[in-house]
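We number each residue from 1, following the sequence as shown. Side chains are part of it too, since the values below use all heavy atoms of this structure and drop only hydrogens, waters and symmetry mates.
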Amino acid sequence: MKIDLTETTSSKINQALVSARRAIGTPAIGMVLTLVIVTDEENAYDALKSAGDASREHPSRIIAVIKRVSRSPRARRDARLDAEVRVGSDAGTGETVVLRLHGELANHAQSVVLPLLLPDAPVVVWWPEDAPADAAKDPLGALAQRRITDGYSAERPLDELAVRAATYSPGDTDLSWTRITPWRSMLAAALDQQPAQVIGVTVEGESDNPSCELLAMWLADRLAVPVERTYSGGPGLTAVRMETKNGVIVLDRADGSLATLSMQGQPDRAVALKRRDTAELLAEELRRLDPDNTYESAVKFGVEKLHTGGEVKAASAASAAPAEEKAAEGGQKAPAAKKAPAKKAASK
């Protein structure tokens with residue numbers, strides 16, 4: 001069921017939601033969170049589709065905030081709110097409200113969104129693209145317990161990582177980090193199966209792919225060993241090689257779906273490591289609403305340390321223990337690779 005509202009208010013939108021639920025026979029609210037999507041007309045369809053698919057696992061009220069750019073000074077002075085309310089089969093397992101903010105109202109989106117938040121439920125804000133430099137200080141971001149960005153959509157992805165590190169606040173996360181969850185799990189499991197001190201790592205993947213950089217920083221941060229970042233044509237991450245005193249552990253994914261895990265003294269094994277779509281990534285992030293300390297540690301390690309040839313301290317005895325690695329869990333052409341050892345942060 002869809003209801004279009006022109007020149008409306010937050011109060012009228014809430015009334016429309018109640019009326020729509022009664023009309024389809026579901027007056028009770030069974031949603032677990034509010035997901036606010038800040039996007040534009042160009043990306044709204046894809047973002048809403050991904051959020052709708054994710055809501056099948058996490059029933060939620062989805063609020064899409066679309067700021068309409070006014071072309072003339074007179075139009076910019078004309079503040080107006082248009083809305084579209086969707087419930088039932090048109091909104092997945094929850095409710096969807098699409099807000100179009102015109103004129104000066106676009107600068108005060110939080111005042112429109114606040115009355116529409118579910119009472120006593122967590123709030124998550126997602127920027128599919130064009131995220132603010134400091135998400136926690138953004139007026140909409142300040143309403144949320146979790147703030148999701150995506151460095152892969154930025155014009156300069158590696159610079160975006162530096163911005164995320166400089167402005168990190170508890171609750172921040174990035175879909176570039178979510179993309180490497182299966183890789184981190186598989187690498188930690190491999191070290192459990194073959195306990196040995198890691199003495200060097202190579203991460204191979206597309207250039208300007210923040211997921212590759214985050215995986216390299218995570219490994220450098222947790223293992224305190226030299227990490228070499230090399231480049232391939234992708235797609236995405238293509239291989240990780242960990243040199244240990246018992247031989248080399250290789251996780252190689254050349255086609256973007258099926259990987260091969262090779263370890264000394266064991267037969268090669270096929271591992272499913274397909275590239276997941278945005279809905280799957282979003283659903284994973286919505287499973288946890290507490291701060292991701294592992295992401296914080298990895299992103300703050302500093303992407304520049306992977307490319308400046310600084311030194312990394314020798315791996316500590318703890319870094320050789322597979323249990324520590326498990327606890328740490330939760331792609332195109334480019335210039336020639338440089339060794340990436342970097343000095344381990346004193347706080348680790």
*Asks:* Is it true that a side-chain atom of Ser19 and a backbone atom of Ala16 form a donor plus acceptor pair closer than 3.5 Å?
*Replies:* no
*Asks:* Are side-chain heavy atoms of Val85 and Lys2 found at a separation under 4.5 Å?
*Replies:* no
*Asks:* Drop me the distance from Gln15's CD to Thr8's OG1, to the nearest 0.5 angstrom.
*Replies:* 8.5 Å
*Asks:* Within the side chain of Ser55, is there an N or O that forms a donor-acceptor pair under 3.5 Å with the backbone of Asp53?
*Replies:* no
*Asks:* Give the cluster check for Ile199 versus Leu187: same hydrophobic cluster or not, with ILVMFWY residues linked at side-chain heavy-atom distances below 4.5 Å.
*Replies:* no
*Asks:* Nearest 0.5 Å please: distance from the OG atom of Ser176 over to the CG atom of Asn209.
*Replies:* 7.0 Å
*Asks:* Is Arg80 salt-bridged to Asp82, cutoff N-O under 4.0 Å?
*Replies:* yes
*Asks:* Would you please test Leu99 and Ile13 for side-chain contact (heavy atoms from CB on, under 4.5 Å) and show each step?
*Replies:* CA-CA 10 Å; Leu99 305 175; Ile13 294 171; 3.5 Å; yes
*Asks:* Can you measure from CG (Leu5) to CZ (Arg100) and round to the nearest 0.5 angstrom?
*Replies:* 12.0 Å
*Asks:* Is a side-chain N or O of Asp4 found less than 3.5 angstrom from the main chain of Glu84, in a donor-acceptor match?
*Replies:* no
*Asks:* Could you check whether Arg275 pairs with Asp255 (Lys NZ or Arg NE/NH1/NH2 to Asp/Glu carboxylate O, under 4.0 Å)?
*Replies:* no
*Asks:* As an exercise, state the distance from SG of Cys212 to CD1 of Ile180, rounded to the nearest 0.5 Å.
*Replies:* 9.0 Å
*Asks:* In terms of side-chain heavy atoms, does Thr173 have a donor or acceptor partner in Asp292 at a distance below 3.5 Å?
*Replies:* no
*Asks:* Output all residues satisfying salt bridge (Lys or Arg N to Asp or Glu O under 4.0 Å) with Asp268, sequence neighbours left out; order by chain, then residue number.
*Replies:* none
*Asks:* Show the numbers, then the answer: is there a side chain to side chain donor-acceptor pair (under 3.5 Å) between Thr238 and Ser232?
*Replies:* CA-CA 7 Å; Thr238 51; Ser232 69; 3.0 Å; yes
*Asks:* Holding to salt bridge (Lys or Arg N to Asp or Glu O under 4.0 Å), I want the full list of residues that pass it with Arg156, two or more places apart in sequence or in another chain.
*Replies:* Asp159
*Asks:* When you compare the side chain of Val98 with that of Val65, does any pair of heavy atoms fall below 4.5 Å?
*Replies:* no
*Asks:* Does any N or O in the side chain of Thr167 come within less than 3.5 Å of the main-chain N or O of Ala133, such that one atom is a donor and the other an acceptor?
*Replies:* yes
*Asks:* Among Ile, Leu, Val, Met, Phe, Trp and Tyr joined by side-chain contacts under 4.5 Å, find the other residues sharing a cluster with Val250 and list them by chain and number.
*Replies:* Val248
*Asks:* Less than 4.0 angstrom from a charged side-chain N to a carboxylate O is my criterion; do Glu280 and Lys274 meet it?
*Replies:* yes
*Asks:* So, Asn246 versus Thr244: side-chain donor-acceptor pair below 3.5 Å or not?
*Replies:* no
*Asks:* Test of understanding: clusters of I, L, V, M, F, W, Y form through side-chain heavy atoms closer than 4.5 Å, transitively. Do Leu258 and Leu273 belong to the same one?
*Replies:* no
*Asks:* Measure from the side-chain N and O atoms of Arg288 to the backbone N and O of Pro291, and report whether any donor-acceptor pair falls under 3.5 Å.
*Replies:* yes
*Asks:* Is there a donor in the side chain of Ser297 and an acceptor in the side chain of Asp221, or the other way round, less than 3.5 Å apart?
*Replies:* yes
*Asks:* Taking the side chain as everything from C-beta on, heavy atoms only, tell me whether Asp40 gets closer than 4.5 Å to Glu129.
*Replies:* yes
*Asks:* So does Val32 get a backbone contact from the side chain of His58, meaning a donor-acceptor N/O pair under 3.5 Å?
*Replies:* no
*Asks:* Would you name the heavy atoms of Leu33 and Ala121 that are closest together and state the gap between them?
*Replies:* CA-CB, 4.2 Å
*Asks:* Could you tell me whether Arg147 sits above the aromatic face of Trp126, with NZ or CZ closer than 6.0 angstrom to the six-membered ring centre and within 45 degrees of the axis?
*Replies:* no
*Asks:* Could you tell me whether a side-chain N or O of Arg276 sits under 3.5 Å from a main-chain N or O of Thr178, the two making a donor and an acceptor?
*Replies:* yes
*Asks:* Could you tabulate the donor-acceptor pairs under 3.5 Å formed by side-chain atoms of residues 107-120, not counting sequence neighbours?
*Replies:*
from   : atom 1 : to     : atom 2 : distance (Å)
Asn107 : ND2    : Glu104 : OE2    : 3.3
Ser111 : OG     : His108 : O      : 2.6

*Asks:* Indicate the atoms forming the closest heavy-atom contact of Leu81 with Ser10, along with that distance.
*Replies:* CD2-N, 4.3 Å
*Asks:* Looking at Asp150, is its backbone amide N or carbonyl O close enough to the side chain of Ser153 to form a donor-acceptor pair, meaning the two atoms are under 3.5 Å apart?
*Replies:* yes
*Asks:* Kindly compute the distance separating CZ (Phe301) from CG (Leu161), expressed to the nearest 0.5 Å.
*Replies:* 13.0 Å
*Asks:* How about Glu57 and Arg287: do any of their side-chain heavy atoms sit closer than 4.5 Å?
*Replies:* yes
*Asks:* Looking only at heavy atoms, what is the nearest atom pair of Ala259 and Arg253, with distance?
*Replies:* CB-CB, 3.7 Å
*Asks:* Just verifying a value: how many Å separate Lys67 NZ and Glu41 CD, rounded to the nearest 0.5 Å?
*Replies:* 14.0 Å
*Asks:* Closest heavy-atom contact between Thr149 and Ala131?
*Replies:* CG2-CB, 3.5 Å
*Asks:* Identify whether the distance between the nearest side-chain nitrogen and carboxylate oxygen of Glu204 and Arg229 falls below 4.0 Å.
*Replies:* no
*Asks:* Do you reckon Val163 sits in the same ILVMFWY cluster as Tyr152, going by side-chain contacts under 4.5 Å, direct or chained?
*Replies:* no
*Asks:* Apply salt bridge (Lys or Arg N to Asp or Glu O under 4.0 Å) to Lys137 and list each qualifying residue two or more places apart in sequence or on a separate chain.
*Replies:* none
*Asks:* Start with the C-alpha distance between Trp218 and Tyr295, add both sets of side-chain angles, then the distance that settles side-chain contact (heavy atoms from CB on, under 4.5 Å), and finish with yes or no.
*Replies:* CA-CA 8 Å; Trp218 174 70; Tyr295 165 70; over 6 Å; no
*Asks:* Any side-chain heavy atom of Asp138 sitting closer than 4.5 Å to one from Val38?
*Replies:* no
*Asks:* Is there a continuous path of hydrophobic side-chain contacts, each under 4.5 Å between heavy atoms, that joins Ile62 to Tyr45?
*Replies:* no
*Asks:* I want to check something: taking the side chain as every heavy atom from C-beta on, are Thr96 and Leu48 in contact at a cut-off of under 4.5 Å?
*Replies:* yes
*Asks:* Between Glu296 and Pro170, is any pair of side-chain heavy atoms under 4.5 Å apart?
*Replies:* no
*Asks:* Can you give me the closest heavy-atom contact between Ala279 and Ser50, atom names plus distance?
*Replies:* CB-O, 3.6 Å
*Asks:* Please confirm whether the backbone N or O of Ser169 pairs with a side-chain atom of Asp172, one donor and one acceptor, at under 3.5 Å?
*Replies:* yes
*Asks:* Between the side chains of Glu228 and Arg241, is the shortest nitrogen-to-carboxylate-oxygen separation below 4.0 Å, so that they form an ion pair?
*Replies:* no
*Asks:* Check Val201 against Met242 and note the closest heavy-atom contact, atom names and distance.
*Replies:* CG2-CG, 4.1 Å
*Asks:* Who passes salt bridge (Lys or Arg N to Asp or Glu O under 4.0 Å) against Arg146, sequence neighbours left out?
*Replies:* Glu285
*Asks:* Evaluate Asp46 against Asn43 for side chain to side chain donor-acceptor pair (under 3.5 Å), listing each step before the verdict.
*Replies:* CA-CA 6 Å; Asp46 290 337; Asn43 297 283; over 6 Å; no
*Asks:* Go through it in stages, so that I can follow the logic: the residues are Glu95 and Arg21, the test is side-chain contact (heavy atoms from CB on, under 4.5 Å), and I'd like the CA-CA distance, side-chain angles, deciding distance and then a yes or no.
*Replies:* CA-CA 9 Å; Glu95 304 169 339; Arg21 286 198 302 269; 2.5 Å; yes
*Asks:* Run the side-chain contact (heavy atoms from CB on, under 4.5 Å) check on Thr34 and Ile63 step by step: do they pass?
*Replies:* CA-CA 7 Å; Thr34 303; Ile63 302 176; 3.8 Å; yes
*Asks:* Do Leu215 and Leu237 have side chains that approach each other closer than 4.5 Å (heavy atoms only, starting at C-beta)?
*Replies:* yes
